[in-house]
Protein chains: 2
Amino acid sequence: MVQKRNPPLPPRARPKAKTEPAKPQPAAGGVPPKRRGRPRAYEPDVALSRALDVFWKDGFAATSLDDLSAATGMNRPSLYGAFGDKRELYKKTYESYRNRARARMGEAFAADMPLRPMLLRIYGIALDMYLSGEDGPRGCFTVMTATSEAVFDPDIRALVVSGLGEMDRFFARLFKIAQERGELPASADPQVLANLASATIHTIAIRARAQIPRTELETLVNGAVDVMVRG
Amino acid sequence: MVQKRNPPLPPRARPKAKTEPAKPQPAAGGVPPKRRGRPRAYEPDVALSRALDVFWKDGFAATSLDDLSAATGMNRPSLYGAFGDKRELYKKTYESYRNRARARMGEAFAADMPLRPMLLRIYGIALDMYLSGEDGPRGCFTVMTATSEAVFDPDIRALVVSGLGEMDRFFARLFKIAQERGELPASADPQVLANLASATIHTIAIRARAQIPRTELETLVNGAVDVMVRG
DNA sequence: GCTTATTTATACGAAGCGGTACATAAATCA
DNA sequence: TGATTTATGTACCGCTTCGTATAAATAAGC
């Protein structure tokens, strides 16, 4: 099975896990509250990021716990203890992806440039994400999740719906601001344009996954942006 | 595992398999050339259609040979003998899907109506397909395949690329004809519009899979068509 | 040093997986 | 009728899967 085996990752540097991101403990101060037993040999954030790499590449069903174990450097019982079963881990992985994607898009948004360069920049970031991956382009993890697990698991479906909606609203805000600045005709409908912008995100994600070359995707994006900035 | 088990299909009516669609035999006449051994208890077309139902719903990795066996009414050795292993079966299934989709779109195309109603009709057909399915909407099988198996199997990837391209060319022809008829401004770029039209197909396929309701998808389509028919 | 708390490491088990060997059934051909 | 050809049905194989039971390791508290 070609798609099952990950290349044997370099033995992950195991940080000493000093910083606890969030303690359920009612302790007030942010100081490191000494834990009682054996310290963990992993950092949850790093492990989730590693798990994301595998899920993103292979999808939920084709990813085994052994794959996840190898990728994170955690053995199976530790994985289970830390994140729950495979589905739970997938959900947490997806949330970590969303946080990452949101942060990147937030940066672009904060740059506050005119509509056209802003859109081109956003699509550039998207292409960087979708075409990255050691074993070929990975596409968009939201799209991957929508086409696989979203049908069966209501929780995951809710996450995906929220992800799609967030993207739509992000673009809608962008077009609304541009319209208020006079960069778009008054007749333009920011909501419709936002849907088109999301659709363009989705289509490049799918095509990236089919290994359509970047230049072709950029041509597609340029054309789409031309239409959008015209309102 | 929720997504593994199919509801036990009603015991499929087993036709007598009289019509052989295409014989590799050099025999000329189209008359039923009598086969030698025990007659098959299935019709390949029906079996492929049944297999499509399962693959489409669950994806390649989450579909077991037992699932396929149950869906087609063929036991595992028969499946193997008829279509080869799981991957081969998937490819043949995908081709049968493409044929079906092409036929439907071809009908719409042949109707030869003005651009806007034509587009609306095409998206109506797409929505019918993507929202059908006994256990929830199924999305677009090309998109599903692109996001899963296309990464690992070059043959499947080639099929997907060809499927995406066919859709693009279909829309491009549509816009070109409309432009020649004067329904679109001369400045419009049929290729760009075709990409937007495909992107709209892709986005509604993804959203359908996330169980976004049809009315919402139709609103999205209407907005996208408004932008497209303006050129 | 001993107890307690927490994590890691090994190993196991029941179930499911894709694929196939082998015997049986049903047709044609001679 | 008997040989041949093709398809079916059962049962099995070796392997992988997810999850867990159990023991060893490493920290703090006393």
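In what follows, chains carry the letters A, B, and so on, assigned in the order in which the sequence lines appear, proteins first and then strands, with residues in each chain numbered from 1. Below, each value reflects all heavy atoms present in this structure, side chains not excepted, and no hydrogens, waters or symmetry copies.
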Fill in: Whole-Å gap separating P (D:dC18) and CZ (A:Arg87)
12 Å

Fill in: Candidate pair A:Ser78 and A:Asn75, rule side chain to side chain donor-acceptor pair (under 3.5 Å), full reasoning
CA-CA 6 Å; A:Ser78 291; A:Asn75 46 36; 2.9 Å; yes

Worksheet, complete the sentence: Separation of C:dT20 atom P from B:Lys86 atom NZ, nearest Å, is 14 Å

Response to the item:
A:Asp66 atom CG is separated from D:dC18 atom P, nearest whole Å, by 7 Å

Practice prompt. Measure from CZ on A:Phe60 to C1' on D:dC18 and round the result to the nearest Å.
Written response: 10 Å

Worksheet, complete the sentence: Sequence neighbours excluded, the answer for side-chain hydrogen bond (donor to acceptor under 3.5 Å, both in side chains) partners of A:Ser49 is none

Worksheet entry | Where at least one partner belongs to residues 195-214 of chain A, residue pairs that pass salt bridge (charged side-chain N to carboxylate O under 4.0 Å, His left out), sequence neighbours excluded | A:Asp128-A:Arg214, A:Arg207-B:Asp168, A:Arg214-A:Glu218

Measure all distances between protein nitrogen or oxygen atoms and nitrogen or oxygen atoms of nucleotides 27-30 of chain D, and list the pairs falling under 3.5 Å.
residue, atom, partner, partner atom, Å
D:dA27, N3, A:Arg36, O, 3.0
D:dA28, O4', A:Arg36, O, 3.1
D:dA28, N3, A:Arg36, NH1, 3.0

Item to complete: Would you please confirm or rule out a distance under 4.0 Å between OP1 or OP2 of C:dT8 and any side-chain N or O of A:Asn75?
Response: no

Item to complete: Find the distance A:Arg40:CZ to C:dA5:P and express it as a whole number of Å.
Response: 17 Å

Worksheet item: Just to confirm, is there a sub-4.0 Å distance from OP1 or OP2 of D:dT17 to any side-chain nitrogen or oxygen of A:Ser64?
Response: yes

Worksheet item: Do B:Phe83 and B:Thr93 come within less than 4.5 Å of each other through their side chains, counting heavy atoms only?
Response: no

Worksheet item: Whole-Å distance between D:dT20 P and A:Leu65 CG?
Response: 11 Å

Worksheet item: Which nucleotide in the list C:dC12, D:dA11, C:dT8 gets nearest to the side chain of A:Arg76?
Response: C:dC12

Worksheet item: Per the end-axis method with five pairs at each terminus, what is the bend angle of the helix from C:dG1-D:dC30 to C:dA30-D:dT1, to 10°?
Response: 10°

Worksheet entry | Nearest to side-chain heavy atoms of B:Pro77, which nucleotide of D:dT10, D:dT17, C:dT7 | D:dT10

Worksheet item: Quick one: is B:Tyr80 getting a side-chain N or O under 4.0 Å of the C:dT20 phosphate, OP1 or OP2?
Response: yes

Response to the item:
Applying side-chain hydrogen bond (donor to acceptor under 3.5 Å, both in side chains) to A:Ser69 and not counting sequence neighbours gives none

Worksheet item: With sequence neighbours left out, what residues match A:Tyr90 under side-chain hydrogen bond (donor to acceptor under 3.5 Å, both in side chains)?
Response: A:Thr145

Response to the item:
Taken in chain and number order and not counting sequence neighbours, the residues that satisfy salt bridge (Lys or Arg N to Asp or Glu O under 4.0 Å) with A:Arg100 are none

Worksheet item: Got a sec, which residues hit side-chain hydrogen bond (donor to acceptor under 3.5 Å, both in side chains) with B:Tyr123, two or more places apart in sequence or on another chain?
Response: none

Discussion item. What is the distance, to the nearest angstrom, from the CG atom on B:Asp67 to the P atom on C:dG18?
Written reply: 8 Å

Worksheet item: With sequence neighbours excluded, what pairs up with B:Phe109 under the ring pair (Phe, Tyr, Trp, His ring centres under 6.0 Å) test?
Response: B:Phe170

Worksheet item: When the distance from CG of B:Leu68 to P of C:dG16 is rounded to whole Å, what number comes out?
Response: 17 Å

